[in-house]
Amino acid sequence: MTDQRSDALPMFSGFDIDLFKSGTHYHIYNKLGSHIIERDGVKGTNFAVWAPNAQHVSVVGNFNGWNRDSHPLEPRTDHSGIWEGFLPNIGRGEYYKYFIRSNDGYEVEKGDPYAFHWETPPHTASVVWDLDFQWTDSQWLENRKSVPPLSKPISIYEMHIGSWRRVHEEEGRFLTYRELAATLPGYCTYMGFTHVEFMPIMEHPFYGSWGYQLTGYFAPSSRFGTPQDFMFLIDALHNAGIGVILDWVPSHFPTDEHGLGYFDGTHLYEHADPRKGFHPDWKSFIFNYGRNEVKAFLISNAIYWLDKFHIDALRVDAVASMLYLDYSRNEGEWIPNQYGGRENLEALDFLREFNNAVHTNFPDVMTIAEESTAWPGVTSPTTSGGLGFDMKWMMGWMHDTLSYFQKEPIYRSHHQGQLAFSTHYAFTEKFTLPLSHDEVVYGKNSMVNKMPGDHWKQFANLRLLYGYMYGHPGAKLLFMGAEFAQRHEWQHDFSLDWNENHDPLHNGIQKLLKDLNELYQSQPALYEKNFSQEGFEWIDNQDGVNSVMSWIRKGKNEEDDLIFVGNFTPVVRTNYRIGVAKPGYYQEIFNTDNLKYGGSDMLHSDEQESYPIPKHSKNHSIPLVLPPLAIVVLKYVRAFDWL
């Protein structure tokens, strides 16, 4: 794999061109696009765009009245397809596009694929900009290198910037990046989240796409401020000890005329054949991963966010749609690969190359796959045939768990296996447990409204769900609003219903999440072996009659082990025995039924003594009172005095 960092001057060497043509120029953003420079004592902007099928390319903008003949670019003579030119006295803040006339006469005005800044939608021009910023997060970056990321607690707060909070006094406008910097780091720190994950912030024309239909791959959305404003937000999060994850979308892009589609009168970035180049679900184009220059565009874009914005992880959207040629297609609507199969071999090569490039340039950065199928080896090394991701969303856990919890407790005894099934494959990959934005839209109900029963039972079920989630192996991800049990589904046009947090039950959920995050970070058994079979042991997952499940989470040291016992019905279970290996005293360190969370306060305040009564293949057991719809967590504290 080639990995060459070019200097910041947008001058192409022969080596640059060779790398670009081979698809391995991972810093091509330093060359293509618009760059403010000084040449021969004159300040101006250098423009460069890849348009190999163009007959004529010019820069049009507010500085020349959008005149298509005023500022033509020249094609390079090295057959790279790159057009370039220096425009004197053009500087920061100028709006521009590329006017392209193709060899077959097609004419169009395109935004700059490599622009660092864009005009605020619905306007569609690119903006000449720089990336100058004084970072203050050097300590964070140094600390990031010191410990492998998967060896630490990972609790992710997923959020949509445009609807987290809004300014009601000003017609519900968005918070800016800098306004977010004043509030978001403190909130994440207070709640105990280790990372915040932003749904795509790259420029996108349609706000209702939530950022998943991108046109400005190299530009933070100007709806919320400038690139420097976004850097300020990241800097503030890092200085508060919060990592930043970006959703990244290399799977498809919109058909808007000013975007990447049919860029130079040919299908430059996308496949020409709609059976490979058009996505039927999202009505968008699919990247041509077999074209080297497209690979350079995408992989350099990933590197760009890590390099210029200090991003800590990339969560890659819709990986399943990339892996399968027949994804969401009927027979006859897709083209098999060269071996007659349904696997997209070009996309596989691209994903492996992407992960290799990221981990070579930034070995302390994570990549996370949203992959919803049973594709093997998503988090296995590329050297052994895997895709090379650090983690994968555990979609099966999410679907099975929510399906189970939506059932009335009286029926749960027949579905005990549904809840336990995830542990059969929990260690085949390194998983993140997602309760994401997709689960609280389009009529699926908010998290609390998914729960059955009356008002109190809904909240008790939600507390139970979160307790189960934090006791289950894997990293954690929760979408905004779920941490205080927002009643309404998520609506991207409105702020979260923060006023609900004044209600004791809603506030109790928030306190529960805060304490669960604290438990997660303070107990090594919950993260030291998070992705290893050695870190988990069932005590009993077969008691469907009582709908009770119990298990052990294990750390490197035996004294750190935790026992989780979950009662998935509203019936109190008295004298319920749990088998333990060590005789002595056990302390309840967490209980989702605590009054401060809105529970019935059925707690074990005293140390629980084990008895030499065999249970669950153990020689000793503890009698417990299991509160309704709750999880209790126990920890061994000391041996009997006479031992």
Is it true that [X] and [Y] have ring centroids separated by less than 6.0 Å?
X: His27; Y: Tyr29; result: yes
X: Phe421; Y: Tyr425; result: yes
X: Tyr217; Y: Phe297; result: yes
X: Tyr106; Y: Phe263; result: no
X: Phe20; Y: Phe12; result: no
X: Tyr304; Y: Phe309; result: yes
X: Trp129; Y: Trp118; result: no
X: Phe116; Y: His35; result: yes
X: Phe350; Y: Phe287; result: no
X: Phe99; Y: Trp83; result: no
X: Tyr324; Y: Trp375; result: yes
X: His160; Y: Tyr207; result: yes

Lys/Arg N to Asp/Glu carboxylate O, [X] vs [Y], below 4.0 Å:
X: Lys110; Y: Glu257; answer: no
X: Glu370; Y: Arg315; answer: yes
X: Arg144; Y: Asp312; answer: yes
X: Arg76; Y: Glu84; answer: yes

Polar side chain donor-acceptor pair, [X] to [Y], under 3.5 angstrom:
X: Glu203; Y: Ser221; result: yes
X: Asn53; Y: Ser102; result: no
X: His437; Y: Trp490; result: no
X: Gln228; Y: Asp130; result: yes
X: Asp400; Y: Ser403; result: no
X: Trp50; Y: Asp264; result: no
X: Glu109; Y: Trp66; result: no
X: Glu429; Y: Thr379; result: yes
X: Ser300; Y: His25; result: no
X: Asn62; Y: Tyr96; result: no
X: Ser284; Y: His252; result: yes
X: Asp273; Y: His267; result: no
X: Thr24; Y: Lys295; result: no
X: Thr367; Y: Asn355; result: yes

Handout entry: Sole candidate of Leu180, Ile311, Ile161 that passes side-chain contact (heavy atoms from CB on, under 4.5 Å) when paired with Phe198
Key =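 Exactly one pass, corresponding to Ile161.
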
Can you give me the closest heavy-atom contact between [X] and [Y], atom names plus distance?
X: Asn530; Y: Gly474; result: OD1-N, 2.7 Å
X: Leu260; Y: Pro113; result: CD2-CB, 3.7 Å
X: Ala48; Y: Ile82; result: CB-CG2, 4.3 Å
X: Ser58; Y: Pro72; result: CB-CA, 3.7 Å
X: Ala475; Y: Met391; result: CB-SD, 3.8 Å
X: Asn337; Y: Arg342; result: ND2-N, 4.2 Å

Are [X] and [Y] close enough that some pair of their side-chain heavy atoms sits under 4.5 Å apart?
X: Val128; Y: Tyr95; result: no
X: Phe479; Y: Leu435; result: no
X: Leu150; Y: Met366; result: yes
X: Lys444; Y: Lys450; result: yes
X: Trp334; Y: Lys276; result: no
X: Ile156; Y: Leu478; result: no
X: Met322; Y: Tyr289; result: yes
X: His56; Y: Arg68; result: no

Could you measure the distance from the [atom1] atom of [X] to the [atom2] atom of [Y]? Nearest 0.5 Å is fine.
X: Lys430; Y: Ile154; atom1: NZ; atom2: CD1; value: 11.5 Å
X: Asn64; Y: Ser70; atom1: CG; atom2: OG; value: 4.5 Å
X: Ser163; Y: Asp493; atom1: OG; atom2: CG; value: 8.5 Å
X: Phe206; Y: Trp210; atom1: CZ; atom2: CH2; value: 10.0 Å
X: Ile245; Y: Leu477; atom1: CD1; atom2: CG; value: 7.5 Å
X: Arg275; Y: Glu333; atom1: CZ; atom2: CD; value: 10.5 Å

Exercise for the section: Could you check whether the rings of Trp305 and Phe230 sit parallel, tilted or perpendicular, using 30° and 60° as the cut-offs? Expected result: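 If you compare the ring of Trp305 with that of Phe230, the planes turn out perpendicular.
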
Exercise for the section: Just say parallel, tilted or perpendicular for the rings of Phe285 and Phe278, cut-offs at 30° and 60°. Expected result: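 Because their plane-to-plane angle is over 60°, the rings of Phe285 and Phe278 count as perpendicular.
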
Exercise for the section: Walk me through it: do Phe431 and Phe531 pass the test ring-ring contact (aromatic ring centres under 6.0 Å, His included)? Expected result: CA-CA 7 Å; Phe431 282 115; Phe531 307 102; 8.8 Å; no

Practice task
For the pair Tyr212 and Asp247, evaluate side-chain hydrogen bond (donor to acceptor under 3.5 Å, both in side chains) and give the outcome as yes or no after the intermediate values.
Solution key: CA-CA 9 Å; Tyr212 291 100; Asp247 275 15; 2.5 Å; yes

Problem - Test log, rule side-chain hydrogen bond (donor to acceptor under 3.5 Å, both in side chains), inputs Asn288 and Tyr269 - result: CA-CA 6 Å; Asn288 181 352; Tyr269 287 88; over 6 Å; no

Problem - Evaluation steps, side-chain hydrogen bond (donor to acceptor under 3.5 Å, both in side chains), between Thr226 and His117 - result: CA-CA 7 Å; Thr226 67; His117 197 26; 6.0 Å; no

Practice task
Take Ser328 and Asp281 through the side-chain hydrogen bond (donor to acceptor under 3.5 Å, both in side chains) test and state the conclusion after the steps.
Solution key: CA-CA 7 Å; Ser328 199; Asp281 285 351; 2.6 Å; yes

